[in-house]
Amino acid sequence: MSVCEVTPQEAAKELLERNEARERLGAFCQRIGNVTPARHHKFLIGKLEDVEEGRIKRLMILMPPGHAKSTYTSILFAPWYLGRNPTNQLIGASHTSELAESFGRKVRNIIDQDEYQKIFPIQLSKDSQAAGRWGLVQGGEYYGAGVGGAIAGRRADGVVIDDPVRSREDADSETIRNKTWEWFLSDLRTRLKPDAFIVLILTRWHEDDLAGRVLPEKYNGESGMVTARDGEVWEVINFPALATDDDVLGRKQGEALWPEWMDTDALEQERISQGERNWSA
């Protein structure tokens, strides 16, 4: 047998793995993203699968910087979602148009891979392939937008807002916070189709940030179903760098979120170096 030939057993295994990647976001991340999800990533993946299935319409993830929230949400969830819903429209938003376009480029490049198209038989439209704004032959679209940027004329079945705050300076600016909130209400939300989802994932830098204006005034860091100020129910998942009481992952108090990447000692040193205000973010 030639070394290039594939046995029936290998072909069957390959088909099974591709089918699993089509059905499960975690398997897709491992196959396409070449990543091994940590404990909090697996939890996040489960919630994103609930979003795709329509079981969650409003999802808020609070996570410290440097813990791969963008990898799983903006870069890997988006192509998996569009593969399963190739006629839908998705908006990916972040604090600047440059970052939003960077995410859009990565998603587009994943979809253009041969391996991806063996999992999902969809294709990029030849006349719409800009980094942050492109379409699919099947009718779906992806639109990357900076927070505050114009999105008029677009409609969306879902939106992923990934880190809407650019810096501490922006977080401290009431003017910028007001503009972000107005953009969220007047521009973004008015672009959503009926029954569309919102995923908001961020590191919090100010109590009056976008998450703070959505959450109730007495929100105290709990995870679970939370009724927002406007009466909408959000599922909120809080992942502190070091576990506190009633941790959503079942961690012991003081246990690191991603010890394989940054253990407790490293985080405690960061706490000293950053100061209490930055650490609280």
Side-chain angles (χ1 to χ4, degrees), residues 22-23 25 28-29 32 45 47-61 70 72-113 116-117 119-164 180 182-202 210 214 232 234-235:
R22 187 180 302 116
E23 296 299 321
L25 176 57
F28 177 85
C29 291
I32 294 296
I45 284 167
K47 295 302 177 181
L48 292 172
E49 288 176 337
D50 286 341
V51 168
E52 191 278 329
E53 291 283 352
R55 293 187 290 269
I56 296 177
K57 295 299 182 184
R58 300 288 183 266
L59 177 65
M60 185 184 300
I61 306 291
S70 296
Y72 288 93
T73 307
S74 291
I75 298 172
L76 291 172
F77 170 68
W80 184 76
Y81 173 83
L82 288 171
R84 291 173 60 85
N85 303 274
T87 62
N88 284 9
Q89 285 76 47
L90 186 64
I91 291 176
S94 194
H95 52 70
T96 59
S97 59
E98 290 82 5
L99 183 58
E101 288 181 4
S102 174
F103 289 148
R105 181 182 297 107
K106 291 175 181 178
V107 175
R108 181 198 64 189
N109 291 347
I110 287 174
I111 290 176
D112 203 32
Q113 292 178 12
Y116 176 91
Q117 292 176 11
I119 298 170
F120 295 113
I122 66 175
Q123 292 182 331
L124 294 167
S125 175
K126 294 187 184 304
D127 59 357
S128 178
Q129 293 192 19
R133 303 170 187 181
W134 42 265
L136 301 173
V137 171
Q138 289 75 10
E141 292 181 340
Y142 180 97
Y143 189 86
V147 169
I151 50 177
R154 302 285 171 173
R155 302 292 286 171
D157 297 277
V159 58
V160 175
I161 308 172
D162 185 346
D163 268 340
T180 298
E182 187 60 33
W183 171 85
F184 177 74
L185 291 179
S186 301
D187 291 343
L188 184 70
R189 291 196 59 131
T190 58
R191 298 293 92 207
L192 299 181
K193 297 179 184 179
D195 213 32
F197 68 80
I198 300 174
V199 174
L200 172 59
I201 184 164
L202 72 162
L210 180 56
V214 170
E232 277 193 329
W234 286 69
E235 180 147 359

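Positions are given from 1, in the same order as the sequence printed here. Remember, predicted model here, so these are calculated numbers, not experimental data.
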Could you check Trp80 against Ile32 for side chain to side chain contact (heavy atoms under 4.5 Å, CB included), going step by step and ending with a plain yes or no?
CA-CA 10 Å; Trp80 184 76; Ile32 294 296; over 6 Å; no
So, for [X] and [Y], which heavy atoms are closest and what is the spacing to 0.1 Å?
{"X": "Trp183", "Y": "Ala93", "value": "CH2-CB, 3.8 Å"}
{"X": "Tyr116", "Y": "Pro79", "value": "OH-O, 2.7 Å"}
{"X": "Gly144", "Y": "Ala100", "value": "C-CB, 4.0 Å"}
{"X": "Lys57", "Y": "Asp195", "value": "NZ-O, 3.0 Å"}
{"X": "Ala196", "Y": "Ala156", "value": "CB-O, 3.6 Å"}
{"X": "Leu48", "Y": "Phe77", "value": "O-CE1, 3.5 Å"}

Validation row: [X], [Y] side chains within 4.5 angstrom (heavy atoms):
{"X": "Ile61", "Y": "Thr73", "answer": "no"}
{"X": "Trp134", "Y": "Ile111", "answer": "yes"}
{"X": "Lys47", "Y": "Val199", "answer": "no"}
{"X": "Phe197", "Y": "Leu59", "answer": "no"}

Can a side-chain donor-acceptor contact be found between [Y] and [X] if the only test is distance below 3.5 angstrom?
{"X": "Asp162", "Y": "Ser74", "value": "yes"}
{"X": "Asp157", "Y": "Tyr81", "value": "no"}
{"X": "Ser97", "Y": "Glu101", "value": "no"}

Can you list everything that forms a ring pair (Phe, Tyr, Trp, His ring centres under 6.0 Å) with Phe103? Sequence neighbours excluded, please.
none
Look at Arg84 together with Glu53 and state whether they make a salt bridge at an N to O cut-off of under 4.0 Å.
yes
When rounded to the nearest 0.5 angstrom, what distance separates [atom1] in [X] from [atom2] in [Y]?
{"X": "Met60", "Y": "Leu202", "atom1": "CE", "atom2": "CG", "value": "7.0 Å"}
{"X": "Asp112", "Y": "Ile110", "atom1": "CG", "atom2": "CD1", "value": "11.0 Å"}
{"X": "Leu210", "Y": "Ile161", "atom1": "CG", "atom2": "CD1", "value": "6.0 Å"}
{"X": "Tyr143", "Y": "Ile91", "atom1": "OH", "atom2": "CD1", "value": "8.0 Å"}
{"X": "Arg133", "Y": "Arg108", "atom1": "CZ", "atom2": "CZ", "value": "13.5 Å"}
{"X": "Leu82", "Y": "Glu52", "atom1": "CG", "atom2": "CD", "value": "10.5 Å"}

Within a 6.0 Å radius of atom NZ on Lys106, are there more than 12 heavy atoms belonging to other residues, nucleotides or ligands?
no
Result of checking Lys193, Arg191, Arg154, Arg155 against Gln89 for side-chain hydrogen bond (donor to acceptor under 3.5 Å, both in side chains)
Lys193
On the 0 to 90° scale, with breaks at 30° and 60°, tag the Phe120-Phe28 ring pair as parallel, tilted or perpendicular.
tilted
